[in-house]
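The structure under discussion is supplied below as structure tokens; questions concerning it will follow.
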Amino acid sequence: MEERTYAMLKPDGVRKQLLDEVIKRFENADLKVSHVKEMVLDEEIVKQHYAHLLDKPFYPTLESFMLSGPVIAMIVEGDNAVSKVRELMGATDSKEALPGTIRGDYGDKTCCTYNIIHGSDSVHNAEVEIHRFYPELTKEKQKIR
Ligand code: UDP
Ligand code: MG
């Protein structure tokens, strides 16, 4: 099914200059990266994005990681884009992620914070996250209605 999803190169992925490599992997899987922008996040947007993890003991580490440098926000389109991006990313824990996946190849092997990339986990969450990180697109849509 034709879908779109939200992907985000995290600060470690930006520091390791992995944007071109990630885009190449998406394109090789017949996905199209339709939007790309660099952003500096603030505490509030990180708290919204990781609301499901606020109670976890690792949340403070995760938040300071996400604030440690710019991220690159992407919208990725194509057939089964949500699950394809998740497959290309690999497991959350980079040392369990298979070689050939983005996290398996580039993630820090200490579990699990520094794992290079985020990808939405459902079509519904993809739309919520696109709205969160690309509010300007939503406004454009409202204008032409
Ligand atoms: N995370 C962490 N410690 C953990 C589990 C997760 O720091 O024990 C971080 C990691 O950066 C992960 C993010 O929290 O990507 C979101 O966790 P989630 O379970 O949603 O994994 P994902 O969907 O990113 O694979
Ligand atoms: Mg997740």
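Quick note: numbers below take in every heavy atom, side chains included, and nothing from hydrogens, waters or symmetry partners. Every number for a ligand or one of its atoms is a count from 1 in the order of the listing.
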Relative to each other, are the rings of Phe133 and Tyr6 parallel, tilted or perpendicular (30° and 60° limits)?
parallel
Does ligand 1 have an atom that lies less than 4.0 angstrom from a heavy atom of Tyr50?
yes
In the protein, what heavy atom is nearest to atom 23 (O) of ligand 1, and what distance, to one decimal place, separates them?
Arg86 NH1, 2.9 Å
So for Thr113 against ligand 1, with non-hydrogen atoms under 4.0 Å, the contacting part is both
With a 4.0 Å cut-off on heavy atoms, does Lys10 reach ligand 1?
yes
Numbering the atoms of ligand 1 from 1, which are under 4.0 Å from a heavy atom of Asn115?
10 (C), 11 (O), 12 (C), 15 (O)
For residues Val71 and Leu9, determine if any side-chain heavy atom of one lies less than 4.5 Å from a side-chain heavy atom of the other.
no
Test item, Met89 contacting ligand 1 (heavy atom, 4.0 angstrom)
no
Does the protein put a heavy atom less than 4.0 Å from atom 19 (O) of ligand 1?
no
Could you tell me the residue and atom name of the protein heavy atom closest to atom 17 (O) of ligand 1, and the distance to it rounded to 0.1 Å?
Leu53 CD1, 3.5 Å
Between Lys95 and Cys111, is there a side-chain heavy-atom distance shorter than 4.5 Å?
yes
Aromatic centroids of Tyr59 and Tyr50 separated by under 6.0 Å:
no
Which bit of Asp93 gets closer than 4.0 Å to ligand 1, counting heavy atoms only: side chain, backbone, both or neither?
neither
Surrounding CG of Asn28 (heavy atoms of other residues, nucleotides or ligands, distance under 6.0 Å), is the total greater than 12?
yes
Please confirm whether Met66 approaches ligand 1 to less than 4.0 Å, judged on its heavy atoms.
no
Compare Leu62, Ile117, Thr92 and give the one whose heavy atom is closest to atom 21 (O) of ligand 1.
Thr92
Are side-chain heavy atoms of Leu19 and Ile23 found at a separation under 4.5 Å?
yes
Do Ser68 and Arg15 have side-chain atoms, one donor and one acceptor, less than 3.5 Å apart?
yes
Hey, is Lys32 close enough to Glu27 for a salt bridge, meaning N to O under 4.0 Å?
no
Under 4.0 Å from ligand 1, counting heavy atoms only, is it the side chain of His52, its backbone, both or neither?
side chain
Please list the nearest protein heavy atom to atom 10 (C) of ligand 1 with its residue and the distance rounded to 0.1 Å.
Cys112 O, 3.4 Å
closest protein heavy atom to atom 5 (C) of ligand 1 is Phe58 CZ, 3.5 Å
among protein heavy atoms, the one nearest atom 24 (O) of ligand 1 is Arg103 NH2, 3.0 Å
Let me see the working for Lys10 and Asp12 under salt bridge (charged side-chain N to carboxylate O under 4.0 Å, His left out), right down to the final yes or no.
CA-CA 6 Å; Lys10 298 182 183 184; Asp12 56 344; over 6 Å; no
Heavy-atom count check: over 12 atoms from other residues, nucleotides or ligands less than 6.0 Å from Lys24 NZ?
no
